[in-house]
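Read the structure below first, then the notes.
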Amino acid sequence: QKEVEQNSGPLSVPEGAIASLNCTYSDRGSQSFFWYRQYSGKSPELIMFIYSNGDKEDGRFTAQLNKASQYVSLLIRDSQPSDSATYLCAALSNDYKLSFGAGTTVTVRA
Amino acid sequence: IAGITQAPTSQILAAGRRMTLRCTQDMRHNAMYWYRQDLGLGLRLIHYSNTAGTTGKGEVPDGYSVSRANTDDFPLTLASAVPSQTSVYFCASSDYLGPTDTQYFGPGTRLTVL
């Protein structure tokens, strides 16, 4: 079992809708959590990180963390075709190593 | 500022050959990392270096070696390539080790071992 699990997808949403991505992690000692976006054939790029319980908003993106449930999520509001990509969830361990989930592919339908 | 560069962009390699993937960063970041990305498995850490002169093993280190002679360069060597090492390899770097430590990724090297 991977340390970080993501809903397998693919996820297809209409333009303007909310895309909801989920992630669970097994290491309770994980310090913080990162969401990366990866376009096909490109390298991962950081969207945002979160390390406190609750919500963190950055533009159209909202990350949510629940450490008791070992659960992280990413909401993409007003989804655009340019949001079509694979989204990677990662957990930072106590020794500062990132463990990545396998990713969820999102397609936004125009 | 280029950030992180990797070379080559892609390579087809015969099994048993030795290959070095190059990674250079110009951000003066302390830590550097090598990952491989395989379909359905996500990114897996091969080796890392928290600072120049030190290296450590990640999740999947077998068959790979690294060195960190200076801050900027972190080459990954496959001593004798095998087909299971066919993958996309990403180098990454980060400035410091802390809870908001953000890793920045290079463009990747697509390696095919036949």
Side-chain angles (χ1 to χ4, degrees), chain A residues 1-10 21-53 56 58 63 65 67 72 85-105, chain B residues 2-7 9-10 21 23-25 27 29-51 54-61 66 87-111:
Chain A
Q1 182 184 5
K2 284 180 68 69
E3 289 185 24
V4 177
E5 299 278 355
Q6 295 185 241
N7 44 338
S8 57
L21 306 172
N22 303 317
C23 173
T24 58
Y25 60 96
S26 59
D27 180 4
R28 284 195 171 274
S30 298
Q31 299 189 58
S32 49
F33 305 88
F34 297 76
W35 284 100
Y36 283 84
R37 176 177 61 200
Q38 186 175 25
Y39 293 113
S40 181
K42 301 296 184 181
S43 58
E45 55 182 351
L46 181 71
I47 298 173
M48 62 191 304
F49 62 83
I50 186 168
Y51 54 86
S52 298
N53 276 328
K56 179 181 179 183
D58 184 357
L65 173 60
K67 290 186 177 180
V72 191
T86 297
Y87 290 80
L88 306 174
C89 174
L92 186 70
S93 66
N94 277 334
D95 60 350
Y96 308 110
K97 302 299 177 290
L98 279 180
S99 292
F100 285 85
T104 299
T105 298
Chain B
I4 300 178
T5 57
Q6 292 185 236
T9 301
S10 64
L21 308 185
C23 174
T24 299
Q25 53 107 356
M27 298 177 284
H29 282 175
N30 287 311
M32 297 187 74
Y33 310 85
W34 274 106
Y35 293 90
R36 59 178 291 173
Q37 187 173 36
D38 303 289
L39 194 64
L41 296 177
L43 287 156
R44 293 181 292 168
L45 183 65
I46 304 171
H47 284 287
Y48 65 92
S49 169
N50 287 339
T51 189
T54 70
T55 62
K57 294 181 179 180
E59 181 185 353
V60 287
V66 292
S87 188
V88 180
Y89 291 85
F90 288 102
C91 179
S93 71
S94 64
D95 188 23
Y96 76 106
L97 300 179
T100 60
D101 181 24
T102 297
Q103 293 186 21
Y104 299 91
F105 286 80
T109 293
R110 182 174 295 276
L111 181 67

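These values consider heavy atoms only, across backbone and side chains, with no hydrogens, waters or symmetry-generated copies. Naming convention: chains lettered A, B, ... in sequence-line order (proteins, then strands); numbering from 1 in each chain.
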- prompt: So which part of B:Leu41 gets closer than 4.5 Å to some heavy atom of chain A, the side chain, the backbone, both or neither?
  reply: backbone
message: I'd like to know if B:Glu59 pairs up with B:Arg44 as an ion pair, taking the criterion as any Lys NZ or Arg NE/NH1/NH2 lying under 4.0 Å from an Asp or Glu carboxylate oxygen.
response: no
- request: Using a cut-off of under 4.5 Å on heavy-atom pairs, state which of B:Pro99, B:Gly108, B:Gly56 scores highest against chain A.
  value: B:Pro99
query: Distance from B:Asn30 atom CG to B:Asp95 atom CG, nearest 0.5 Å?
result: 6.5 Å
field: Residue part contacting chain A, namely of B:Pro107, when any heavy atom lies under 4.5 Å
entry: backbone
message: For the interface with chain B, which of A:Lys97, A:Glu45, A:Gln38, A:Gln6 has the highest count of heavy-atom pairs at distances below 4.5 Å?
response: A:Lys97
- prompt: Where does the angle between the aromatic ring planes of A:Phe100 and B:Tyr35 fall among parallel (under 30°), tilted (30 to 60°) and perpendicular (over 60°)?
  reply: perpendicular
- prompt: Quick one: do B:Arg36 and B:Asp38 make a salt bridge, cutoff under 4.0 Å?
  reply: yes
- request: Could you label the plane-to-plane angle of the A:Tyr25 and A:Phe33 rings as parallel, tilted or perpendicular, counting under 30° as parallel and over 60° as perpendicular?
  value: tilted
task: Counting only heavy atoms closer than 4.5 Å, note whether B:Phe105 contacts chain A via side chain, backbone, both or neither.
output: both
message: Under 4.5 Å from any heavy atom of chain B, what part of A:Ile50 do you find: side chain, backbone, both or neither?
response: neither
